[in-house]
Amino acid sequence: MRKKEKLQSTKTEFVKAYEAQQYEDLIYQEWEKSGFFNPDNLSGHGKNFTISMPPPNATGILHVGHASALTYEDLIIRYKRLQGYQTLFLPGTDHAAIATQTKVEKILAEEGTDRHSLGRTKFLARVKKYIAQSQDTIRQQIRKIGVSCDWSRERYTFDQGLSQAVSESFIRMYNDGLIYRGNRIVNWCPRCASTLADDEVEHQEKNSKFYYLKYGPFIVATTRPETKLADTGVAVHPSDKRYQKYIGQILDIDLAGHKITVKVFANKEVDPKFGSGVVGVTPAHSSADFDFAQRHKLEFIKLINEEGKILDAGGKYKSLTVLEARKKFVKDLKAAGQIKKIEDIKNNLSLCYRCGALIEPLPSEQWFVAVDQKIPGRQKTLKQLAIEAVRNKEIKILPSRFEKIYYHWMENLHDWCISRQIWWGHRIPVWYQEDKIYVGLKPPKNKNWIQDEDTLDTWFSSSLWTFSTLGWPEKTKDLKNFHPTQVMETGYDILFFWVARMILMTEYLLGQKPFGTVYLHGMIRDKQGRKMSKSLDNGIDPLEMSNKFGTDALRLSLVIGSSPGADLRIYEEKIAGYRNFVNKLWNISRFIFSSVDEIKIIKKQPPAKTLSDQWILAEFNNLIKNVTDNLDNFKFSQAGEELYEFTWNKLADWYLEIAKIEKNKDETLLYILERLLILWHPFTPFVTEVIWRSFKAKDLLMIQSWPQARKIDSKIKKDFSELQELVIKIRNLKAENKIPPVDLPNCHLKSKILKDSELNIIAKLARVNLVDKFSEAKSFSTSYSRGWINLAKEMSQTEKEKLQKYISSLENKLNNSQFINNAPQQIIKDTQKKLKLAKNKLR
RNA sequence: GGGCGCUUGGCUCAGUUGGUUAGAGCGUCUCGUUUACACCGAGAAGGUCGGGGGUUCGACUCCCUCAGCGCCCACCA
């Protein structure tokens, strides 16, 4: 608690450069202590706004991808909080079944043991212990990013309440006939020793061998010769003349001494032109063949076991691994003269998305979610509900092209295999007693019921995340207040794994959409556009960057330049650039605070005394409007760019410089700074909160009110840009003529629209000596003004040429009768006006 | 095999429903210490907007086509 005392007693010291490390942890503590991360402590207009944090893996460490997601999420939340919403940002972690189990198994292996020798109970205890410490690391890392989430509501997918929600969902779905147990070909990862869902299998194109085998009267081409040991069928195209006579026959085939019996059948899906035009069918080890086998009533022979080894059916190849068996079988076939040829072919390998091991399709009895089954009482399937939610626009996906991808995926979704053979996960709430099955939270009291050994797919529990975290299935106040949530912010890479399944499950269980808008961010890449990976060692550690450049700079580098669905490159120079900006904001504040008589809150917009006041207030109101519009439309980058442009190029470069000359701008400066800090706060929460402390306000910046834009006079902009144009013109002339900045050449200025006081400002900014009379006729002009200056030459040659080119392009346009006849009147008028102004300039 | 995205100065990117002389940051070059900031200021150079064709009075923006890069989906053995 010493740190807090230190915070309260330390005033913000305005040293020359902002040092983020000095403030960030203390500011975060102050926010947390305030209780305003919890919506119950916020007083606003009473409307709620919720984001569920996509839960990071409980054993993970935060990488820059997390940092980017958390930044967008926190940005939205802080914006909404400033707008007066009761905002809930609910944090948590995921037990990440396979990923976690794999990690702990690795540790065990290093210790020279494994989960089987430990036993289920001890193993699970070990996993829990490991997770507890890891979760704590993540919590601290999330804080480091400045995330304003409600820690009092933190959840974990393995919490008791959430586990209850998982069982409850399973039971309801089972009772509605939406979960069933079936014997089917599943994706089996021999390394993880578990099934995987279809979308957990990754495909990778690889160069493979395509073996043409002499196979009875046929030639059969295959990339996996060893599976032919368990063929029970042969498929040909119905109209393929070569093989008509065999259709319907049952043939005994000898493959290098291994005997198989196959039934020949015709199927339209066989392409007579591919390979040999004959397909050997292995019902037990290919899902396509499995379908054939069911339709044509073929026998199933299980050849490969769960460890990827050959079973008894493989005869002399028994106990070999798949690859060993292939090698030996091919050798035997060669010796028997049964290999006609071997081609090189590009082939898709199926790999486990977690560990990269080769997937074996195996027949197995597993639990499935039936996506095409009508839901009792609703006349619709899960798939239909999930498609309609997006089609009806009740859920909007950004960027919208992902809606099409979503439909395509949903429409082609097969039943979802949800049982896993790993230990770490939610145990399936099913009990067996001899041939009976009981589905429920607890087994019946009588006799010995034994629970299903398997656990549930980790995505099953995460699909309930938006509401299981709020207390469902209990009818809690939180569930009523904060569900459905408003925004789901996550990466496009888990659109199917997670987003789609949340929609599907929430529609079924609650009859609600889990969220209104899905904002999908892109992947983070290095400067060359490569994925960050351990092997390339090109990863950017967000915490290291935060320590080096400050969290605010890191956040800016992740937001500005990003657009939804597009990958984002990140590298140190970029972050350093935003560190410079944060320092600029700091110094702007430093200047304002040191130049005003008293630092105070200005409630009403101060009256503008000069053109520059009018201009900066107009620009500022314009900024408020644009930032608000952009944030409302999820255009975070655009909002940030406009803030950046205003702060640096308008406020600092022009208005502050003029303030040094015109004086008496305390109120305007303070009025703008105060509100500018609020606008920046969602992007750069730390530095803005630090600066804010100098206002000595009662409350933290994070709960101030988002400013409202006032009406602006568009004429002001024109007058002020005339002033800017003259300053720039004179500076150019001085630079081109090698007049040192400190020299003040005589200059005479005349303007149709600028007052003498304004011309004086110009003289100071451009560093010339203003005189009334001027003999030497070295002149220059802008659209509305004229000047004479004591320089070697006037308008530079390049500038003249540029202008001449511009003038002739405008003249050509206006002389073109097609243009005069077809273009809208306004465009023609504008063009004429531009020509007149350009000619004035040249004069 | 389908589908999608990207290609704008040396680098990283903006460019809203077609209508200023195509912008920014970084980098480069020149100059510079003026009551915040050298993590700074002033100025400059640098682009036929991937190639070709079309629609239009007018195309970075719309259409077609080609090329390169990338991603997703798919049971072609």
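Order of the sequence lines sets the chain letters (A, B, ...), proteins ahead of strands, with each chain counted from 1.
Here F274(A) lies parallel enough and close enough to stack on the base of C76(B), with planes under 30° and ring centres under 5.5 Å apart. Where stacking is scored as ring centres under 5.5 Å apart with planes under 30°, Y806(A) registers as stacked on the base of U21(B).
Among the nucleotides G19(B), G43(B), A74(B), the one closest to the side chain of I827(A) is G19(B). For A652(A), the listed nucleotide lying nearest its side chain is A36(B); candidates were C39(B), A36(B), A42(B). The side chain of F496(A) approaches C73(B) more closely than any other nucleotide in the set C73(B), C4(B), C37(B). In the set G41(B), C39(B), A74(B), C39(B) carries the atom at the smallest distance from any side-chain atom of N580(A). Distances from the side chain of D653(A) to the nucleotides A44(B), A74(B), A42(B) place A42(B) closest. Side-chain proximity of N816(A) to the nucleotides C57(B), U21(B), A77(B) is greatest for C57(B). Considering only side-chain atoms of K802(A), the nucleotide from C40(B), U21(B), A44(B) that sits closest is U21(B). For K584(A), the listed nucleotide lying nearest its side chain is C40(B); candidates were C72(B), U21(B), C40(B). Among C39(B), A14(B), C31(B), the nucleotide with an atom closest to any side-chain atom of P741(A) is C31(B). For Q818(A), whose side chain is taken as the heavy atoms from C-beta onward, the closest listed nucleotide among C57(B), G43(B), A77(B) is C57(B).
Under a 4.0 Å N-O distance rule, the pair R401(A)/E403(A) does not qualify as a salt bridge. Salt-bridge annotation for K625(A) and D629(A): present, with a side-chain N of the basic residue lying under 4.0 Å from a carboxylate O of the acidic one. Under 4.0 Å is where a charged nitrogen must lie from a carboxylate oxygen, and between R579(A) and E573(A) no such pair does. Comment: E572(A) does not engage K527(A) in a salt bridge, judged by the lack of any side-chain N to carboxylate O separation of less than 4.0 angstrom. Note on D271(A) versus K273(A): no salt bridge recorded, every NZ/NE/NH1/NH2 to OD/OE distance being 4.0 Å or above. In this structure, K228(A) pairs ionically with D231(A), as a charged nitrogen and a carboxylate oxygen lie closer than 4.0 Å. Salt bridge annotation for R295(A)-E269(A): present, with a cationic side-chain nitrogen under 4.0 angstrom from a carboxylate oxygen. A salt bridge does not link R569(A) with D526(A): every distance from a Lys NZ or Arg NE/NH1/NH2 to an Asp or Glu carboxylate oxygen is 4.0 Å or more.
Rounded to an integer number of Å, the gap from OH of Y212(A) to C1' of A77(B) is 10 Å. The CD atom of E19(A) sits 14 Å away from the C1' atom of C37(B) (whole-angstrom rounding). Nucleotide G43(B) holds its P atom 12 Å from the NZ atom of K734(A), rounded to whole Å. To the nearest angstrom, P of A36(B) lies 5 Å from NZ of K660(A). Whole-Å rounding puts the D597(A) CG to U35(B) P distance at 19 Å. Rounded to whole angstrom, the span from the NE2 atom of H237(A) across to the C1' atom of A77(B) amounts to 14 Å. Separating the CG atom of N187(A) from the C1' atom of C75(B) is a distance of 11 Å, rounded to the nearest angstrom. Rounded to an integer number of Å, the gap from K527(A) NZ to C26(B) C1' is 8 Å.
RNA chain B forms stems at B:1-7 with B:67-73, B:10-13 with B:23-26, B:28-32 with B:40-44, B:50-54 with B:62-66, each a run of 3 or more consecutive Watson-Crick or G-U wobble pairs whose two key distances fall under 3.5 Å.
Distances shown here put a side-chain N or O of W648(A) below 4.0 Å from the OP1 or OP2 atom of G41(B). For G58(B), neither phosphate oxygen OP1 nor OP2 lies less than 4.0 angstrom from any side-chain nitrogen or oxygen of N812(A). Under 4.0 angstrom from either OP1 or OP2 of C73(B) there lies no side-chain N or O belonging to N412(A). Between N822(A) and U56(B), a side-chain N or O to OP1/OP2 separation shorter than 4.0 Å is absent.
If you check distances only, the side chain of K663(A) does reach the base of U35(B) with a donor-acceptor pair under 3.5 Å. Not a single donor-acceptor contact under 3.5 angstrom links the side-chain atoms of R590(A) to the base of C37(B). For C37(B), the base has no donor-acceptor partner in the side chain of K16(A) [N/O atoms by modelled type, under 3.5 angstrom].
Across the P atoms, C62(B) and C6(B) are found 10 Å apart, a figure rounded to whole Å. Look at the P atom in both U56(B) and C63(B): the space between them is 16 Å, to the nearest Å. A gap of 33 Å separates the C1' atoms of G54(B) and U12(B), to the nearest Å. The separation of A22(B) from A44(B), taken at their P atoms, amounts to 16 Å, rounded to a whole angstrom. Across C13(B) and G27(B), the matching C1' atoms stand 14 Å from one another, rounded to whole Å. Separation of the P atoms belonging to U34(B) and G25(B) is 25 Å when rounded to the nearest angstrom. With P as the reference atom, G23(B) and C75(B) are 50 Å apart, rounded to whole Å. As rounded to the nearest Å, C40(B) and C26(B) have P atoms that lie 8 Å from one another.
Centroid-to-centroid, the aromatic rings of W409(A) and F402(A) stay 6.0 Å apart or farther.
Taking for each of N587(A) and Q528(A) the nucleotide of RNA chain B with the nearest heavy atom, the 5'-most of the two is the partner of Q528(A). Comparing R569(A) and E657(A), the nucleotide of RNA chain B nearest to each residue sits closer to the 5' end for R569(A).
Heavy atoms of D271(A) sit under 4.0 angstrom from at least one base atom.
Qualifying side-chain contact (heavy atoms from CB on, under 4.5 Å) partners for N812(A), counting only residues two or more places apart in sequence or in other chains: none.
A donor and an acceptor atom, one from each side chain of E642(A) and N626(A), are located under 3.5 Å apart.
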